[in-house]
Amino acid sequence: MTAVKFRRVQHVSIPMPPGGAEQARAFFGGALGLVEKQVPASLDASKLTWFSVGDDEHELHCFIDPDFENRSTAAHFCFEVEDIEALRDRVSAAGIAFDHDPAPIHNRPRSFVRDPFGNLIEFTQINGRYEEV
């Protein structure tokens with residue numbers, strides 16, 4: 001069997017309740033500053049809100065989940081940022097509370113927030129290898 005080389009994570013999809021698109025735009029577009037992308041014409045844009053994340057076609061997809069109330073509240077995704085302090089300032093200025101004080105990881109300062117739908121989001125700055133030296 002031939003090994004497959006994975007290149008990157010291209011997108012992350014997270015649930016939102018029916019009617020949540022404007023809250024997604026306010027949080028991800030307004031508070032975090034992500035740019036909304038047009039949903040492909042072949043998909044039902046009434047159930048999807050997409051955002052660009054960084055370079056190289058990285059994306060965040062918010063989708064309507066009719067069973068939203070039964071999702072896990074521990075699942076999360078992580079955005080790598082260049083300046084964690086600037087991100088923390090932006091989040092605080094938007095009136096968004098940090099979810100908890102995470103255990104530290106060497107060379108990876110991080111913070112967690114919840115989006116308007118309760119999805120857990122981690123932000124980290126990678127300053128080097130995390131293995132203790």
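Put simply, Leu34 and Val39 are part of two different groups of oily side chains (I, L, V, M, F, W, Y) that touch within less than 4.5 Å, one to the next. Connection of Phe28 to Phe63 is not established within any shared hydrophobic cluster, with ILVMFWY side chains joined at heavy-atom distances below 4.5 Å, either directly or through further cluster members. When the side chains of ILVMFWY residues are joined at heavy-atom separations under 4.5 Å, either directly or via intervening members, Phe77 and Val53 end up in a single hydrophobic cluster. Placement of Phe98 and Val81 within a single hydrophobic cluster is found when ILVMFWY residues are connected by side-chain heavy-atom separations under 4.5 Å, directly or transitively. Side-chain heavy atoms closer than 4.5 Å link hydrophobic residues (I, L, V, M, F, W, Y) into clusters, and following such links, even through other members, never connects Leu120 to Ile14.
Rounding to the nearest 0.5 Å gives a distance of 6.5 Å between SG of Cys62 and CZ of Phe117. Taking CG of Leu60 as the start and CD of Glu36 as the end, the distance is 10.5 Å to the nearest 0.5 Å. Distance OG1/Thr124 to CD1/Ile105: 6.5 Å, rounded to 0.5 Å. Note that the CG atom of Asp83 and the CD atom of Gln125 stand 6.0 Å from one another [nearest 0.5 Å]. Between atom CD of residue Glu80 and atom NE2 of residue His58 there is a gap of 10.0 Å, rounded to the nearest 0.5 Å. Distance check: Asp115 CG to Gln23 CD gives 9.0 Å after rounding to the nearest 0.5 Å.
Considering all non-hydrogen atoms of both residues, Ala21 and Thr49 come closest at CB-OG1, 3.5 Å. The nearest pair of heavy atoms linking Gly128 to Asn107 is O-CB, 3.7 Å. For Val113 against Ala97, the heavy-atom pair with the smallest separation is CG1-O, 3.9 Å. Residue Arg90 comes nearest to Gly30 through the heavy atom pair NH2-O, 3.1 Å, listed as atom of the first residue, atom of the second, then distance. Scanning both residues, Gly19 and Ile64, for their nearest heavy atoms gives N-CD1, 3.9 Å.
A salt bridge does not link Arg108 with Glu122: none of the charged nitrogens is closer than 4.0 Å to a carboxylate oxygen.
Other residues, nucleotides and ligands contribute at most 12 non-hydrogen atoms within 6.0 Å of the CG atom of Asp101. The 12-atom threshold is not exceeded at NZ of Lys47, counting heavy atoms of other residues, nucleotides or ligands nearer than 6.0 Å.
Ring orientation note: the planes of His11 and Trp50 are close to parallel, at an angle under 30° on the 30°/60° scale.
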Q) Are Arg88 and Ser111 close enough, and set up right, to give a side chain to side chain donor-acceptor pair (under 3.5 Å), and what steps lead you there? A) CA-CA 8 Å; Arg88 288 175 180 152; Ser111 293; 2.7 Å; yes

(Q) Could you walk me through whether Glu59 and Gln10 satisfy the side chain to side chain donor-acceptor pair (under 3.5 Å) test, starting with their C-alpha distance in whole Å, then the side-chain angles of each, then the deciding distance to 0.1 Å, before giving a yes or no? (A) CA-CA 6 Å; Glu59 298 166 350; Gln10 188 271 325; 3.1 Å; yes

Q.
Using ring-ring contact (aromatic ring centres under 6.0 Å, His included), reason through Phe112 and His100 one step at a time and then give a plain yes or no.
A. CA-CA 6 Å; Phe112 288 84; His100 63 278; 4.6 Å; yes

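In this structure a side-chain-to-backbone donor-acceptor pair under 3.5 Å is present from Asp65 to Asp67. Put simply, the side chain of Asn119 gets close to the backbone of Pro15: a donor and an acceptor are under 3.5 Å apart.
Judged by the 6.0 Å distance and 45° axis criteria, Arg71 is positioned over the aromatic ring of Phe68.
Ile121 has its side chain within reach of Phe27: a pair of non-hydrogen atoms, C-beta onward, lies under 4.5 Å apart. Between Glu57 and Lys37, the closest side-chain pair of non-hydrogen atoms falls below 4.5 Å.
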